[in-house]
Amino acid sequence: MITAAQLAEKVHAEVLGHRAGADVDLVGATIRAQDAGPGILFAALPGARVHGASFGATAVEAGAAAILTDPAGIELLASVADRLPVLVHPEPRSVLGSASALVTGNPSVDLDVVGITGTSGKTTTSYLVEAALQGAGAVAGIIGTTGSRVDGRALPSRLTTPEAPEFQALLSRMRSDGARAVAAEISSHALRLGRVDGTRFAVGAFLNLSQDHLDFHPDMEDYFRAKCRLFDTAADPGSHVSPAAKAVVVIDDDWGRRLAEMRPDAATVSAVVGADADWTAGESQTTEYGTQTFIVHGPHGLTVEVELPILGRFNVANALVALAAVDALGVDVRAAAVGLTRVRVPGRLEPVVRGQDFRVLVDYAHKPGAVAAVLTSVRAQTQGRIAVVLGAGGDRDSAKRELMGAAAADVADLVVVTDDNPRTEDPATIRAAVRRGAESAAGENTRVEEIGDRGAAIGAAIDWARTGDVVVIAGKGHETGQEVNGTVYPFDDRARAAEELVRRLGHTALEGETEDSTS
Ligand SMILES: CC(=O)N[C@H]1[C@@H](OP(=O)(O)OP(=O)(O)OC[C@H]2O[C@@H](n3ccc(=O)[nH]c3=O)[C@H](O)[C@@H]2O)O[C@H](CO)[C@@H](O)[C@@H]1O[C@H](C)C(=O)N[C@@H](C)C(=O)N[C@H](CCC(=O)O)C(=O)O
Ligand SMILES: Nc1ncnc2c1ncn2[C@@H]1O[C@H](COP(=O)(O)OP(=O)(O)OP(=O)(O)O)[C@@H](O)[C@H]1O
């Protein structure tokens with residue numbers, strides 16, 4: 001337990017307001033005023049839209065024990081500030097990570113936290129790390145895009161990497177639920193916004209870097225530097241992230257190779273057959289059960305066969321990272337490899353099957369690199385034609401839209417451009433950019449269609465498919481909504497694809513019946 005006064009001293013904040021109350025015990029923190037309560041520190045931070053201190057009265061009504069803010073926040077707190085201790089720091093976000101860790105009893109010290117970063121593959125790899133740990137008999141937790149869970153039990157969480165108070169509270173809950181290790185997705189936003197400051201990372205894993213988030217980062221160098229915070233304090237000025245004790249780095253792109261030079265102690269990983277890396281794999285074989293098998297070659301002559309229920313060569317890279325990460329924790333790799341067999345990742349190359357003779361896959365690819373990786377993998381496994389249904393999100397990195405379209409048309413035979421969370425933007429403008437990219441890359445035999453209504457777009461691709469073809473519905477994966485102008489309408493690619501398949505199969509059956517009756 002720590003008091004507000006002790007916390008102020010540790011994070012070098014000044015105590016104003018109700019000083020006499022500064023010996024109040026703190027048991028947690030929050031960045032959302034509405035979530036404050038007894039024993040909770042409300043962090044009133046300046047935001048892009050509003051200053052958190054304007055919600056000071058809400059936090060006090062909810063029972064907040066103390067407030068952390070900046071000098072501008074003091075003015076906004078006005079009379080509320082007399083009612084409880086207010087910790088003032090010139091840059092409160094820069095101390096929120098360590099403050100959150102302190103009020104929750106530094107949970108990462110008692111856990112092996114594996115931080116996973118990279119543009120694509122964080123969620124999948126965190127599930128693989130969890131499966132590998134479970135294979136070796138360890139209780140494991142996950143924090144990431146699809147929510148959090150410990151020992152298989154779901155815990156609600158916001159964002160890919162939650163804000164520091166929530167991140168530390170999740171770690172604390174996982175520690176008390178007996179977790180040995182936690183696989184946490186670490187976004188570049190989190191690394192820049194101090195969400196994981198105050199966390200001890202046993203292992204940091206870097207997967208890859210490709211264009212994304214250029215609405216937040218001015219350029220790719222800045223995006224890379226943010227990622228480097230997990231590995232090297234000196235790589236990005238102003239970092240308060242504790243670099244991971246051990247590193248695992250995929251060296252299949254230039255960014256990974258640069259990072260491996262920065263961290264010469266890193267275990268290197270490559271999915272390229274015959275590459276010079278600590279962890280590599282032989283060619284993958286697809287089995288009749290829809291799994292892939294491959295031989296993993298690890299350090300010290302380790303050789304182990306892995307069967308993975310998720311296809312795609314990029315998932316071989318993800319699996320190698322998971323094995324290298326748990327190996328760095330001292331886990332038995334052979335037992336971990338058995339665990340990988342049982343992994344299930346929602347919305348990542350997830351098949352939708354309703355008795356059809358072509359494949360329908362729902363995948364979360366919503367970045368050019370991911371679209372390219374998925375379609376290249378699908379192309380390598382099919383003799384049939386490929387259709388892809390995709391759009392691009394509004395109010396996010398607009399430069400990636402054309403690249404998404406181009407990545408799709410590079411490989412697919414049919415590209416159906418549709419809506420994908422237009423948010424506050426005009427959907428037609430977003431579609432036009434994706435379409436432009438697709439048309440610029442389309443070969444003679446590639447068709448590009450534009451159908452704004454996502455359900456109709458899925459239906460059109462399904463109607464187009466013939467025996468042996470593959471329809472990839474990209475962008476939403478596990479998500480269950482379409483966000484338009486601040487409202488999220490229910491929409492699930494998997495459910496809609498299933499409906500469209502039933503409709504089409506219904507038609508086929510009817511046509512069949514008609515043929516039968518006339519013959
Ligand atoms: C750019 C960014 O990350 N912004 C985050 C930031 O917003 P902000 O500073 O602009 O906050 P604001 O809305 O002005 O509000 C100011 C303060 O008032 C508080 N407030 C506000 C309203 C209210 O009713 N009550 C209240 O207490 C807020 O908690 C905040 O502290 O602080 C907010 C509070 O935590 C976050 O919700 C918000 O994330 C937004 C929603 C977001 O979408 N972030 C995305 C881009 C993000 O972080 N993505 C990454 C990467 C995902 C990936 O890899 O694809 C992630 O890790 O999820
Ligand atoms: N190692 C990889 N390299 C390239 N593409 C990948 C890789 N792993 C997964 N993908 C593709 O990226 C998509 C998203 O995968 P995943 O959700 O695991 O990544 P993520 O980094 O968590 O994404 P996000 O940051 O958007 O949450 C997958 O559906 C797949 O299409």
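Start at 1 and go down the list; that is how both ligands and their atoms are numbered. These numbers were taken from a predicted model, which means no experiment stands behind them. Atoms considered below: every heavy atom in the structure, side chains included; atoms not considered: hydrogens, waters and symmetry mates.
Of all protein heavy atoms, the one lying nearest to atom 20 (P) of ligand 2 is K122 N, 3.4 Å. Atom 8 (N) of ligand 2 has its closest protein heavy atom at N318 ND2, 3.0 Å. Among protein heavy atoms, the minimum distance from atom 7 (C) of ligand 2 is reached at F314 CD1, 3.4 Å. Atom 19 (O) of ligand 2 has G121 N, 2.7 Å as its closest protein atom, hydrogens excluded (heavy atom only). In this structure, the protein non-hydrogen atom closest to atom 14 (C) of ligand 2 is Y364 CD2, 3.9 Å. Looking at atom 31 (O) of ligand 2, its nearest protein heavy atom turns out to be D363 OD2, 2.4 Å. Nearest to atom 12 (O) of ligand 2 among the protein's heavy atoms is A370 CB, 3.2 Å.
Listed for the R359 side chain is no donor-acceptor partner under 3.5 Å among the backbone atoms of V471.
Side-chain N/O atoms of Q168 and S100 include no donor and acceptor closer than 3.5 Å. In summary, the side chains of D395 and T424 do present a donor paired with an acceptor at a separation below 3.5 Å, with no hydrogens or angles considered. Side-chain atoms of Y223 and T119 form a donor-acceptor pair, as typed in the model, at a separation below 3.5 Å. A donor-acceptor pair shorter than 3.5 Å can be found between the side chains of S188 and H217. If you check the side chains of H213 and R396, you find no donor sitting under 3.5 Å from an acceptor. Side-chain contact, H366 with N421: no donor N or O sits under 3.5 Å from an acceptor N or O. Between T146 and Y127, the side chains place a donor N or O and an acceptor N or O closer than 3.5 Å (distance only, hydrogens not considered). Side chain to side chain, S270 and D252 meet the donor-acceptor criterion of an N or O pair below 3.5 Å.
Residue contacts with ligand 2, taken as heavy atom pairs separated by less than 4.0 Å, involve T124 via backbone and side-chain atoms alike. When heavy-atom distances to ligand 2 are checked against a 4.0 Å cut-off, T145 comes that close only through its side chain, counted from C-beta outward. At a heavy-atom distance under 4.0 Å, no atom of T125 approaches ligand 2.
A salt bridge is absent between K476 and D493; no separation between the charged side-chain nitrogens and carboxylate oxygens falls under 4.0 Å.
Atom CD of Q34 is surrounded by more than 12 heavy atoms from other residues, nucleotides or ligands within 6.0 Å.
Only one option out of I142, I143, V182, L155 pairs with V150 in a side chain to side chain contact (heavy atoms under 4.5 Å, CB included); it is L155.
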Mind listing the N or O contacts between ligand 1 and protein, cut-off under 3.5 Å?
residue: ligand 1; atom: 3 (O); partner: R195; partner atom: NH2; Å: 2.9
residue: ligand 1; atom: 10 (O); partner: A48; partner atom: N; Å: 2.9
residue: ligand 1; atom: 13 (O); partner: R49; partner atom: NE; Å: 3.1
residue: ligand 1; atom: 13 (O); partner: R49; partner atom: NH2; Å: 2.6
residue: ligand 1; atom: 14 (O); partner: A48; partner atom: N; Å: 3.2
residue: ligand 1; atom: 14 (O); partner: R49; partner atom: N; Å: 2.8
residue: ligand 1; atom: 14 (O); partner: V50; partner atom: N; Å: 3.1
residue: ligand 1; atom: 14 (O); partner: V50; partner atom: O; Å: 3.4
residue: ligand 1; atom: 24 (O); partner: Q34; partner atom: NE2; Å: 2.8
residue: ligand 1; atom: 25 (N); partner: Q34; partner atom: OE1; Å: 3.0
residue: ligand 1; atom: 27 (O); partner: A33; partner atom: N; Å: 2.9
residue: ligand 1; atom: 29 (O); partner: I31; partner atom: O; Å: 2.8
residue: ligand 1; atom: 32 (O); partner: E163; partner atom: OE2; Å: 3.3
residue: ligand 1; atom: 35 (O); partner: E163; partner atom: OE2; Å: 2.7
residue: ligand 1; atom: 48 (O); partner: R195; partner atom: NH1; Å: 3.1
residue: ligand 1; atom: 48 (O); partner: R195; partner atom: NH2; Å: 2.9
residue: ligand 1; atom: 54 (O); partner: H213; partner atom: NE2; Å: 3.3
residue: ligand 1; atom: 57 (O); partner: T161; partner atom: N; Å: 3.1
residue: ligand 1; atom: 57 (O); partner: S187; partner atom: OG; Å: 2.6
residue: ligand 1; atom: 57 (O); partner: R195; partner atom: NH1; Å: 3.1
residue: ligand 1; atom: 58 (O); partner: T160; partner atom: N; Å: 2.8

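For the pair V326/L133, a side-chain contact is recorded, criterion being any heavy-atom separation below 4.5 Å from C-beta on.
For ligand 2, the polar-atom distance check against N315 finds no nitrogen or oxygen pair separated by under 3.5 Å. Polar contact check, G369 against ligand 2: no nitrogen or oxygen pair lies under 3.5 Å apart.
Proximity annotation for atom 24 (P) of ligand 2: of E185, R313, K367, K367 comes nearest, heavy atoms only.
Taking 4.0 Å as the cut-off, T119 counts as a neighbour of ligand 2 on heavy-atom distance. Under the 4.0 angstrom criterion for non-hydrogen atoms, N208 is in contact with ligand 2.
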Q: Might you work through the side chain to side chain contact (heavy atoms under 4.5 Å, CB included) test for K122 and L207, ending with a clear yes or no?
A: CA-CA 8 Å; K122 297 182 294 296; L207 298 167; 4.3 Å; yes

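Annotation for ligand 2: atoms under 4.0 Å from non-hydrogen atoms of A373 are 4 (C), 5 (N).
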